[in-house]
Amino acid sequence: MQKPSLPKGTRDFGPAQMAKRAYILRTITKTFKKFGFQALETPAMENLSTLTGKYGDEGDQLLFKILNSGDFLKQVEASDLAEGPGHVLPKVAEKGLRYDLTVPFARYVVMNRNELAFPFKRYQVQPVWRADRPQRGRYREFYQCDADVVGTESLLCEVEIIAMIQEVFAELKIENYQLKINNRKVLTGIAEVIGAAGKESALCVAIDKLDKIGWEKVQEELAERGFSEEARTALAPLVAHTGDVAETLTFLSSYLAPSTIGMEGVAELRTVFSLLQTYGASPKGIVLDVMLARGLSYYTGAIFEVQVPDTGIGSVSGGGRYDNLTGVFGWEGVPGVGFSFGVDRLYDVLEVLQLFPEEAVEVSDYLLVHFDAKGFQYGLSLLAQLRAAGLAVELYPEPTKMKKQLAYATKKGIRRVLLLGDDEIAAGR
RNA sequence: GUGAUUGUAGCUCAGUUGGUUAGAGCGCUGGUUUGUGGCACCAGAGGUCGCCGGUUCGAGUCCGGUCUUUCACCCCA
């Protein structure tokens, strides 16, 4: 007999966890629907050709590949083996597990472009798989919870994303959070202004670590990546800047004045904040963080990230705008904007802050406890009535002593029991 | 992918410089209690010490490999 075990980086979700996860997902999907987003599901597996090349070389390595069925070696020649794994792979695996929800979404949009009503707003809650090395809060199978709008450049989308995030956090009773906003064009502008035009992706990767490793270390990394002394000096006032949204916008207007694209970013940010005000959203939790970069290279406009301080848990939500979502599938120039909630991390945050409501745990309202066959028969006759009244009820299925039945109720967390003895039956209760 | 780290009963962990039948607490099962569980007391079950190999008269203890856990890097949710 073998000991059962789980593949590395995967988890079971027991009843208690499922109830709490369902609470989170109910809250999120309710909000998505309220904003006009519609559900989409795509297959767990995609053609490998759909997935490869979309996430960079490292991403390709993190894809789970599915071995072809049957004689998976039939197309492989000895010469292929000699050429290495890269040559053999396409001949033994033509499918892979999805790595995120964005690429399958783009594939879906392209395949259905004639049927969809644009701007198309969809949400999608499904697991994704990455052959990463697991760590705390990082798994090989985890859920993403995406909402995207494709087919419009309107900044209303950005505003609505901010409003949805605020609504979800309010519903979940998370009071203290930071919704960080920035714009990729601002970052491009910064690269231009400090004389490092075109090196913004390297700039982003380094700057993104500011919170984690501090300004000193970021400067070292920038130096390693070929940023000059002057560039780093020019960056310093920006790093040092603090202030509210209005002050930061004013600061950026002068700092980025030499950069056309940078000023475009500032203008977009101004519009978003202005629309937000008109919408009536509270400025609560919103931070304009010019150092927010996010690692992803495909964002071209707004960038979002949400953190809950003092929990030791990384960002729980993030997203941004991309100009060309569907270009890789041959349909150029379709803009989109979207974001994602990290369900697993949100779960951890609620756990740490003890914000799960008691009723999140789904358990029967009553257990019917019987002493003998007569009580069991009577209990059986009550079951359907009580259930018809909308109560979750169960009857202990075996004849056994009360101690065991009550212990079952205790362990399962059933708060109320009905004892069915001769006296109760006689009294009609 | 790089560098560390962990693994003993269902759970949390002891286990002395390698030396007889590997322990504790909690949990579990039964009983004290043929109508009131959570407390108490009594009894009991449960481990080829992650797995494979090596050193040794002898390995839970030392060595190698492998898997697993956790952590940092890379990257990311």
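Throughout, a chain's letter reflects where its sequence line sits, starting with A, and its residues are numbered from 1. Remember, predicted model here, so these are calculated numbers, not experimental data.
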Asks: When the P atoms of G15(B) and G58(B) are compared, how many Å lie between them, rounded to an integer?
Replies: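 Roughly 26 Å separates the two P atoms.
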Asks: For nucleotides G27(B) and U61(B), find the distance between their C1' atoms and express it as a whole number of Å.
Replies: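 That atom pair is separated by 28 Å.
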Asks: Would you mind reading off the distance between Glu58(A) atom CD and G1(B) atom C1', rounded to a whole angstrom?
Replies: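 That distance rounds to 8 Å.
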Asks: Does Lys8(A) or Asp132(A) map to a spot on RNA chain B nearer the 5' end, using the closest nucleotide for each?
Replies: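 Its nearest nucleotide being more 5', the pick is Lys8(A).
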Asks: Rounded to whole angstroms, how far apart are CZ on Arg130(A) and C1' on C74(B)?
Replies: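 Taking atom C1' of C74(B) as the reference, CZ of Arg130(A) is at 14 Å.
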Asks: Quick one: does NZ or CZ of Arg130(A) land under 6.0 Å from the six-membered ring centre of Phe64(A), within 45 degrees of the ring axis?
Replies: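 No, Arg130(A) and Phe64(A) do not form such a contact.
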Asks: Using the C1' atom as the point on both nucleotides, what is the distance between U8(B) and A22(B), in whole Å?
Replies: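 After rounding to an integer number of Å, I get 8 Å for this pair.
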Asks: Cut-off 3.5 Å, side chains only: do Glu394(A) and Ser364(A) have a donor facing an acceptor?
Replies: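 Yes, because at least one side-chain N or O of Glu394(A) sits under 3.5 Å from a partner of the opposite role on Ser364(A).
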Asks: Residues two or more places apart in sequence or in another chain: which of them pass side-chain hydrogen bond (donor to acceptor under 3.5 Å, both in side chains) with Tyr55(A)?
Replies: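 For Tyr55(A) the side-chain hydrogen bond (donor to acceptor under 3.5 Å, both in side chains) partners, ignoring immediate neighbours, are Asp100(A).
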Asks: Using the P atoms only, state how far U66(B) lies from C73(B), rounded to an integer number of Å.
Replies: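 One P to the other, the span is 25 Å.
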Asks: Is any side-chain nitrogen or oxygen of Gln135(A) closer than 4.0 Å to OP1 or OP2 of A72(B)?
Replies: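 Checking Gln135(A) against A72(B): at least one side-chain N or O falls below 4.0 Å of OP1 or OP2.
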Asks: Quick one: stems involving RNA chain B, counted as three or more successive Watson-Crick or G-U pairs, both distances short of 3.5 Å.
Replies: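 So the stems come out as B:1-4 with B:70-73, B:10-13 with B:23-26, B:28-32 with B:40-44, B:50-54 with B:62-66.
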Asks: C1' atom, U6(B) versus A72(B): distance in rounded Å?
Replies: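 Going atom to atom, C1' in each nucleotide, I get 15 Å.
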Asks: Measure CD/Gln405(A) against P/U33(B) and give the value in whole Å, please.
Replies: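 Gln405(A) atom CD is separated from U33(B) atom P by 20 Å.
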Asks: Find the distance Asp148(A):CG to A77(B):P and express it as a whole number of Å.
Replies: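 Roughly 13 Å, once rounded to whole Å.
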Asks: Taking atom types as modelled, find out whether Glu221(A) and Gln219(A) have a side-chain donor-acceptor pair closer than 3.5 angstrom.
Replies: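 No, because no side-chain N or O of Glu221(A) sits under 3.5 Å from a partner of the opposite role on Gln219(A).
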Asks: Arg138(A) has an atom CZ; how far is it from atom C1' of C76(B), in whole Å?
Replies: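 Rounded to the whole Å, the gap is 5 Å.
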Asks: Give me the distance, rounded to whole Å, that separates A40(B) from C71(B) when you measure between the P atoms they each carry.
Replies: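 36 Å, rounded to whole Å.
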Asks: Quick one: label Ser317(A) by what it contacts on the DNA or RNA (base, sugar-phosphate, nothing), any heavy atom closer than 4.0 Å.
Replies: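 Answer is nothing: Ser317(A) stays at 4.0 Å or more from every strand.
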Asks: Taking for each residue the nucleotide of RNA chain B bearing the nearest heavy atom, is the 5' side occupied by Tyr139(A) or by Gly9(A)?
Replies: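 Final value for this comparison: Gly9(A).
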Asks: Compute both the distance and the angle, then confirm whether Arg113(A) meets the cation-pi test with Trp331(A): under 6.0 Å from the six-membered ring centre, within 45 degrees of the axis.
Replies: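 Geometry flag: set, cation within 6.0 Å and 45°.
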Asks: Please state whether the base of U69(B) and the side chain of Arg133(A) form at least one donor-acceptor pair under 3.5 Å?
Replies: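 Not at all, since no donor on one side and acceptor on the other fall under 3.5 Å apart.
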Asks: How far does the P atom of G38(B) sit from the matching atom of C26(B), given to the nearest Å?
Replies: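 Going atom to atom, P in each nucleotide, I get 15 Å.
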Asks: Looking at Gly53(A), is its backbone amide N or carbonyl O close enough to the side chain of Asp60(A) to form a donor-acceptor pair, meaning the two atoms are under 3.5 Å apart?
Replies: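 Yes; judged by distance alone, with no hydrogens or angles, the pair exists.
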Asks: Would you measure the distance from the C1' atom in U17(B) across to the matching atom in C62(B) and give it in whole Å?
Replies: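 Taking atom C1' in both U17(B) and C62(B), they lie 12 Å apart.
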Asks: So, using ring pair (Phe, Tyr, Trp, His ring centres under 6.0 Å) as the criterion, who are the partners of Phe169(A) when residues are at least two apart?
Replies: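 If we apply the ring pair (Phe, Tyr, Trp, His ring centres under 6.0 Å) test to Phe169(A), skipping adjacent residues, the hits are Tyr177(A).
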Asks: Please name the residue in the list Tyr108(A), Tyr322(A), Phe120(A) that meets the side chain to side chain contact (heavy atoms under 4.5 Å, CB included) test with Val150(A).
Replies: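 The single option meeting the side chain to side chain contact (heavy atoms under 4.5 Å, CB included) with Val150(A) is Phe120(A).
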